S.K.: 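Mind looking over this structure? Questions follow.
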2 protein chains.
Amino acid sequence: MEDGTSMSLGHCGDTDYDVLQWDQREDCEVRQILDRIADKWSLQVIALLDRRSLRFTELRRMIDGVSQRMLTRTLRHLERDGLVSRTVHATVPPRVDYALTPLGGTLHATIRALVTWTEEHQSEIATARAAYDVRVAAEQEEAAAEAAGRDAVARLVLAVRR
Amino acid sequence: MEDGTSMSLGHCGDTDYDVLQWDQREDCEVRQILDRIADKWSLQVIALLDRRSLRFTELRRMIDGVSQRMLTRTLRHLERDGLVSRTVHATVPPRVDYALTPLGGTLHATIRALVTWTEEHQSEIATARAAYDVRVAAEQEEAAAEAAGRDAVARLVLAVRR
DNA sequence: CAGTATCCCCATAGATACTG
DNA sequence: CAGTATCTATGGGGATACTG
């Protein structure tokens, strides 16, 4: 076995509980779910399984670039969290079906809000980035010019002294 | 400079655009936002700044365990995406205020949905995990027992042959 | 088919030291 | 105070080989 977030989960660190916010607590449930959905493959898996249940190899083919190892790991994590169910059919060759659980379905629905937000605001973000990058570039040029100015002065001083 | 997702962002990979889903596209806006809010510190920063604007050191003190480097990086990223604003007061000693932009505010509101979901379902998740762990442990014991049985048989065979 | 087991890389977090 | 610069270490994730 490779890992597993350990069993002693608990309800986050409970120091000054009432003063702190969900996002203040280290390793709380929110963080764990966030880490799960933010990892490279989980979200794609969830989205695909929301349409219909799929076999291992079907998922593997549909998710471009995923390795067997990573797909297995991702599915195990999702299964452990109760977001995805795994049914093994004792046939030859073996057949394993993965499906989204009701719980997983509600999570996917929730995530959609974030997707919608992103779609609605992506142009604002792009604009902000462009503006930021320009600003940074300008500052760098300024700094370079200043440095060049200092050098010029230094050379002048040397020339005069000679 | 250290990095910056490069400037050639674009609207994700545009292969078979209409067939694919948002979550199928590699490196699309959704992924970028997800990576941002899912990273270790961004969310805490956003949540704190949603209450009131804060100075660098205030943030540093309020966010337990964050290093200068990480806080700076986090703030720069958030600033670049237009989620956080940075105002430098030309005083001695210097004073820099960070605040959530309107855009950042709407993002925080959206994320709250995810937090709510997590709070509502954390017991289900915990139950699922416990069940999964028990299942895995049982399978392992089973496998161990089987292996032990095989060994016993093997020893018997050897004993009889002698 | 649906995995497990290994090895390896490299991107990023964290610690430390220095600066306008 | 509010950073930048540099180094190291951890682990996520890819490639490959093997198996029930």
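Keep in mind that this is a model prediction, so the values were computed, not measured. Protein chains get the first letters and strands the later ones, always in sequence-line order, with residue 1 at the start of each.
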S.K.: Identify the pairs formed between an N or O of the protein and an N or O of nucleotides 13-19 of chain C at a distance under 3.5 Å, and give each distance.
M.R.:
| unit_1 | atom_1 | unit_2 | atom_2 | d |
| --- | --- | --- | --- | --- |
| C/dG14 | OP1 | B/K40 | NZ | 2.1 |
| C/dG14 | OP2 | B/W41 | NE1 | 3.2 |
| C/dG14 | O6 | B/R69 | NE | 3.4 |

S.K.: In chain order, what residues pass the side chain to side chain donor-acceptor pair (under 3.5 Å) check against B/R86, with sequence neighbours excluded?
M.R.: B/Y98

S.K.: Starting at atom CZ of A/R60, determine the distance to atom P of C/dA2, rounded to an integer number of angstrom.
M.R.: 11 Å

S.K.: Quick check: does any side chain N or O of A/T101 sit under 3.5 Å from a backbone N or O of A/G104, one acting as donor and the other as acceptor?
M.R.: yes

S.K.: Could you check whether B/R55 gets within reach of a base, just the sugar-phosphate, or nothing at all, counting any heavy atom under 4.0 Å?
M.R.: sugar-phosphate

S.K.: Counting Watson-Crick and G-U wobble pairs with both distances under 3.5 Å, what is the dot-bracket string for DNA chain D, 5' to 3', using [ ] for crossing pairs and | for pairs to another strand?
M.R.: ||||||||||||||||||||

S.K.: How about B/I111 and A/L34: do any of their side-chain heavy atoms sit closer than 4.5 Å?
M.R.: no

S.K.: Would you say A/R55 and A/V96 make side-chain contact, with heavy atoms under 4.5 Å?
M.R.: no

S.K.: Residues two or more places apart in sequence or in another chain: which of them pass side chain to side chain donor-acceptor pair (under 3.5 Å) with B/S42?
M.R.: B/D39

S.K.: Quick one, B/Y132 and B/R129 - any side-chain contact, counting heavy atoms below 4.5 Å?
M.R.: no

S.K.: Tell me the interatomic distance from B/R61, atom CZ, to D/dC1, atom C1', rounded to whole angstroms.
M.R.: 11 Å

S.K.: Using whole Å, report how far CG of B/L75 lies from P of D/dG3.
M.R.: 8 Å

S.K.: Whole Å only: how far is the CG atom of A/L71 from the P atom of D/dG12?
M.R.: 17 Å

S.K.: Tell me, do A/T118 and B/L107 make a side-chain contact under 4.5 Å, heavy atoms counted?
M.R.: no

S.K.: Rounding to an integer number of Å, can you tell me how far A/L59 CG sits from C/dC1 P?
M.R.: 14 Å

S.K.: Could you work out which one of D/dA2, D/dG3, C/dG3 sits closest to the side chain of B/T57?
M.R.: D/dA2

S.K.: Without decimals, in angstroms, what is the distance between A/E58 CD and C/dA2 P?
M.R.: 8 Å

S.K.: Identify, residue by residue, the members of residues 93-101 of chain B with a heavy atom below 4.0 Å from DNA chain D, and return them in order of residue number, or none.
M.R.: B/P93, B/P94, B/R95, B/V96, B/Y98

S.K.: Provide, to the nearest angstrom, the distance between the CG atom belonging to B/L54 and the C1' atom belonging to D/dC1.
M.R.: 15 Å

S.K.: Taking atom CZ of B/R31 and atom CD of B/E29, what is their separation to the nearest 0.5 Å?
M.R.: 12.5 Å

S.K.: Kindly indicate whether the side chain of B/V66, heavy atoms from C-beta on, has any atom under 4.5 Å from the side chain of B/V45.
M.R.: no

S.K.: What I'd like to find out is whether the side chain of A/D50 reaches to under 4.5 Å of the side chain of A/R112, using heavy atoms alone.
M.R.: yes

S.K.: Kindly write out the residues that satisfy side chain to side chain donor-acceptor pair (under 3.5 Å) with B/T106, not counting sequence neighbours, or none if the list is empty.
M.R.: A/W117

